[in-house]
**Q** 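One structure, pasted below without further comment.
If you're wondering where the values come from, they're calculated on a predicted model, not measured in any experiment. Residues take their numbers from the sequence shown, with the count starting at 1. Hydrogens, waters and symmetry mates play no part in the numbers below; they use all other heavy atoms, side chains included.
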Amino acid sequence: MWQEKALKLVLVLVGLLFTAAIYPLILMAKEDSALAMMMSLYATLGIFLLLASRNPSAHRSLIAFTAWSSFAHASIMAVQAYLGFIARRELIGSVVFAAIGATLIALAPARKPVKRASTVAA
C-alpha cells in the first residue's frame, strides 16, 4: 500500500517537473529548435504522468517508458559531458534523470497475473 502511495507521489512530482518544461519551451522556441522539440516531449509526458498518477497500475507501460527513457537521456548527457560536447555542470541533470528512472523502476506496479483458459485434451 505504501508503495502505491509513494509511486503516486513520484508520478505527480515528476509530472509537474516535466510539465514545467512548457515555460522554457515558450522562451527557447526561437533560439534552439532542437531543445524546444525535446522540451515539448517532456511537457507532454508530464501531463500524461499526472493523469497516470490516478491509477498507476493501469499505466505500467507509460511508467516503464518514462523510467527507461530517463536512463537513456542520463546516459547520453553523461557521455556528452565527458566528451566536452556540453558543459560539465550538465552532469547534474544526468544524475536527476538517472534518479527519476531508478525511482520509477523501484516503485513500478507489479504485473497483474493473467488468467489463462485451460485446454482440455479430448
**Q** Determine whether M39 and M37 fall in the same hydrophobic cluster, where Ile, Leu, Val, Met, Phe, Trp and Tyr are linked whenever their side-chain heavy atoms lie under 4.5 Å apart.
**A**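 Looking at the clustering, M37 is in a separate group from M39.
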
**Q** Any chain of hydrophobic side-chain contacts (each under 4.5 Å) joining M38 to F97?
**A**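 Result: yes, single cluster for both.
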
**Q** Tabulate below the donor-acceptor pairs under 3.5 Å that side-chain atoms of residues 48-56 make, not counting sequence neighbours, or state none.
**A**
{"from": "S53", "atom 1": "OG", "to": "L50", "atom 2": "O", "distance (Å)": "2.6"}
{"from": "N55", "atom 1": "OD1", "to": "S57", "atom 2": "OG", "distance (Å)": "3.2"}

**Q** L9: which other cluster members, linking ILVMFWY side chains closer than 4.5 Å, directly or transitively?
**A**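 Hydrophobic cluster check, L9: joined to L13.
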
**Q** Please lay out, stage by stage, how L104 and L11 fare under the test side chain to side chain contact (heavy atoms under 4.5 Å, CB included).
**A** CA-CA 8 Å; L104 289 175; L11 289 173; 3.9 Å; yes

**Q** Test of understanding: with side chain to side chain contact (heavy atoms under 4.5 Å, CB included), list the residues that count as partners of A108, not counting sequence neighbours.
**A**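 With neighbours one apart ignored, the set is empty.
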
**Q** At what distance, to the nearest 0.5 angstrom, does CD of Q80 lie from CD1 of I86?
**A**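 Spacing of CD (Q80) from CD1 (I86) equals 5.0 Å.
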
**Q** Do you reckon L17 sits in the same ILVMFWY cluster as L107, going by side-chain contacts under 4.5 Å, direct or chained?
**A**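 L17 and L107: one cluster.
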
**Q** With a cut-off of 3.5 Å and sequence neighbours excluded, list every side-chain donor-acceptor pair involving residues 62-77.
**A**
{"from": "T66", "atom 1": "OG1", "to": "L62", "atom 2": "O", "distance (Å)": "2.9"}
{"from": "S69", "atom 1": "OG", "to": "F65", "atom 2": "O", "distance (Å)": "2.8"}
{"from": "S69", "atom 1": "OG", "to": "T66", "atom 2": "O", "distance (Å)": "3.2"}
{"from": "S70", "atom 1": "OG", "to": "T66", "atom 2": "O", "distance (Å)": "2.7"}
{"from": "H73", "atom 1": "ND1", "to": "Y42", "atom 2": "OH", "distance (Å)": "2.6"}
{"from": "S75", "atom 1": "OG", "to": "F71", "atom 2": "O", "distance (Å)": "2.9"}

**Q** Only counting residues at least two apart or in another chain, list the ones meeting side chain to side chain contact (heavy atoms under 4.5 Å, CB included) with I22.
**A**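 I22 satisfies side chain to side chain contact (heavy atoms under 4.5 Å, CB included) with T19, I26, A43 only.
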
**Q** According to the salt bridge (charged side-chain N to carboxylate O under 4.0 Å, His left out) rule, which pairs have a member within residues 1-11, sequence neighbours left out?
**A**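 As it turns out, the salt bridge (charged side-chain N to carboxylate O under 4.0 Å, His left out) pairs with a partner in residues 1-11, which skip direct neighbours, are E4-K8.
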
**Q** Quick check: is V12 connected to I100 through a chain of hydrophobic side chains (ILVMFWY, heavy atoms under 4.5 Å apart)?
**A**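 No, because I100 and V12 fall into different hydrophobic clusters, even though each may have its own neighbours under 4.5 Å.
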
**Q** Could you list all the salt bridge (charged side-chain N to carboxylate O under 4.0 Å, His left out) pairs where at least one residue sits in residues 79-101, not counting sequence neighbours?
**A**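 Found none.
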
